[in-house]
Amino acid sequence: MSVDPDAVNHINVKIFLAPGATCELDHAIPVFHRWIKDNLCPEMMIDVADYQHVPAGPGVMLIGHEANYSLDNRENRLGLLYNRKAALDGTFASRIQQAHEAALSACDRLEAEDLFRGKLKFDRDKIEVAVNDRLLAPNSDDTWDALKSGIEERFPGYALKRVGEPRDLFRVSITRE
């Protein structure tokens with residue numbers, strides 16, 4: 001199967017917590033509700049969902065029409081996850097840029113929140129990019145070959161490593177060298 005990078009949407013970017021940082025997920029609930037009320041995200045946000053009861057799960061989510069934000073704890077690796085759901089125009093590289101910038105902006109806002117200030121810190125050098133579309137971008141060598149240059153364009157000077165198994169989403173671990 002040939003993967004067309006310009007047809008790939010649904011980009012996810014996760015920025016992990018810095019070593020030693022702490023995060024009370026309960027604090028995200030009122031913060032995310034205020035983000036909706038004050039319209040602090042560029043996307044239309046509609047609800048907050050608490051999944052803390054799910055071990056190694058999605059944590060606390062800010063649900064939107066075009067995208068979701070969450071303090072995600074999948075694989076017991078806590079971080080800020082931006083999940084783009086709506087298609088965007090442009091190239092694959094420009095869609096990665098949009099998702100990465102949205103995730104960085106959310107990290108900045110969370111770190112500045114009174115409930116998190118001085119405790120929550122994200123390591124902007126430890127990132128994971130995923131494509132939430134197993135049909136258009138299966139976790140395969142073909143997808144890696146097709147998408148690697150678009151990821152490298154956004155993250156020059158970073159080490160890239162495809163992770164997971166074929167049943168997983170296509171995911172790339174990105175760390176500053």
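Predicted model only: the values in this text are computed from it and were never measured.
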Within the distance-only criterion (no hydrogens, no angle test), does the side chain of Asp50 pair as donor or acceptor with the backbone N or O of Gln52 below 3.5 angstrom? yes

How would you list all residue pairs meeting ring-ring contact (aromatic ring centres under 6.0 Å, His included) that involve residues 156-177, not counting sequence neighbours? Phe155-Tyr158

Would you say CZ of Arg117 has more than 12 non-hydrogen atoms from neighbouring residues, nucleotides or ligands within 6.0 angstrom? yes

In one Ile/Leu/Val/Met/Phe/Trp/Tyr side-chain cluster, 4.5 Å: Leu17, Leu25: yes

About how many Å separate CD1 of Ile96 and CD1 of Ile11, when rounded to the nearest 0.5 Å? 5.5 Å

Correct closest heavy-atom pair for Leu80 and Cys107 would be CB-SG, 3.7 Å

Partner of Glu128 under side-chain contact (heavy atoms from CB on, under 4.5 Å), picked from Leu81, Val163, Asn12, is Val163

Tell me, please, which residues at least two apart from Asp123 pass salt bridge (charged side-chain N to carboxylate O under 4.0 Å, His left out). Lys126

Just jot down the ring pair (Phe, Tyr, Trp, His ring centres under 6.0 Å) partners of Phe92, sequence neighbours excluded, or say none. none

With no hydrogens and no angle check, do the side chains of Arg171 and Asn139 hold a donor and an acceptor under 3.5 Å apart? no

Sequence-distant partners of Asp168, side-chain hydrogen bond (donor to acceptor under 3.5 Å, both in side chains), two or more places apart: none

Applying side-chain hydrogen bond (donor to acceptor under 3.5 Å, both in side chains), can you list everything that pairs with Lys85, at least two apart in sequence or on another chain? Asn68

Give me each pair satisfying ring-ring contact (aromatic ring centres under 6.0 Å, His included) with a member in residues 131-151, each pair once, sequence neighbours excluded. none

Without swapping roles, check the side chain of Asn132 against the backbone of Arg84 for a donor-acceptor pair under 3.5 Å. no

pair Glu113-Arg34: side-chain heavy atoms closer than 4.5 Å: yes

Smallest heavy-atom separation, Asn73 atom then Leu78 atom, equals OD1-N, 3.3 Å

Give every donor-acceptor pair under 3.5 Å between a side-chain atom in residues 97-105 and any protein atom, sequence neighbours left out.
unit_1: Gln97; atom_1: NE2; unit_2: Glu101; atom_2: OE2; d: 3.0
unit_1: Gln98; atom_1: NE2; unit_2: Tyr82; atom_2: OH; d: 2.9
unit_1: His100; atom_1: ND1; unit_2: Arg154; atom_2: NE; d: 3.0
unit_1: His100; atom_1: ND1; unit_2: Arg154; atom_2: NH2; d: 3.0
unit_1: Ser105; atom_1: OG; unit_2: Arg109; atom_2: NH1; d: 3.0

Distance col, row Arg124:CZ vs Phe16:CZ, nearest 0.5 angstrom, shows 14.0 Å

His65 NE2: over 12 foreign heavy atoms closer than 6.0 Å: no

Tell me every residue that passes side chain to side chain contact (heavy atoms under 4.5 Å, CB included) with Asn39, counting only those two or more places apart in sequence or in another chain. none

Salt bridge (Lys or Arg N to Asp or Glu O under 4.0 Å) partners of residues 2-29, not counting sequence neighbours, each pair once: Lys14-Asp72

Run the side-chain hydrogen bond (donor to acceptor under 3.5 Å, both in side chains) test against Asp125 and tell me which residues pass, sequence neighbours left out. Arg176

Thr22 and Leu120, any side-chain heavy atoms less than 4.5 Å apart: no

List for me each residue that meets side-chain hydrogen bond (donor to acceptor under 3.5 Å, both in side chains) alongside Ser140, sequence neighbours excluded, and say none if there are none. Thr143

Tightest non-hydrogen contact, residues His10 and Asp133, listed as CD2-OD2, 4.0 Å

Going by heavy atoms in the side chains, are Val31 and Leu110 under 4.5 Å from each other? yes

About how many Å separate CG of Leu62 and CD1 of Ile29, when rounded to the nearest 0.5 Å? 12.0 Å

Interatomic distance, CZ@Arg162 vs CG@Asp145, rounded to 0.5 Å, equals 8.5 Å

Report the hydrophobic cluster partners of Met61, with the cluster defined as I, L, V, M, F, W, Y residues connected by side-chain heavy atoms closer than 4.5 angstrom, directly or transitively. Met44, Ile46, Tyr51, Val54, Ile63

When rounded to the nearest 0.5 angstrom, what is the spacing between CD1 in Ile174 and NZ in Lys161? 13.5 Å

Kindly give the heavy-atom pair with the smallest separation between Ala67 and Met45, and that separation in Å. O-CE, 3.5 Å

Do the side chain of Glu111 and the main chain of Phe122 share a donor and acceptor less than 3.5 angstrom apart? yes

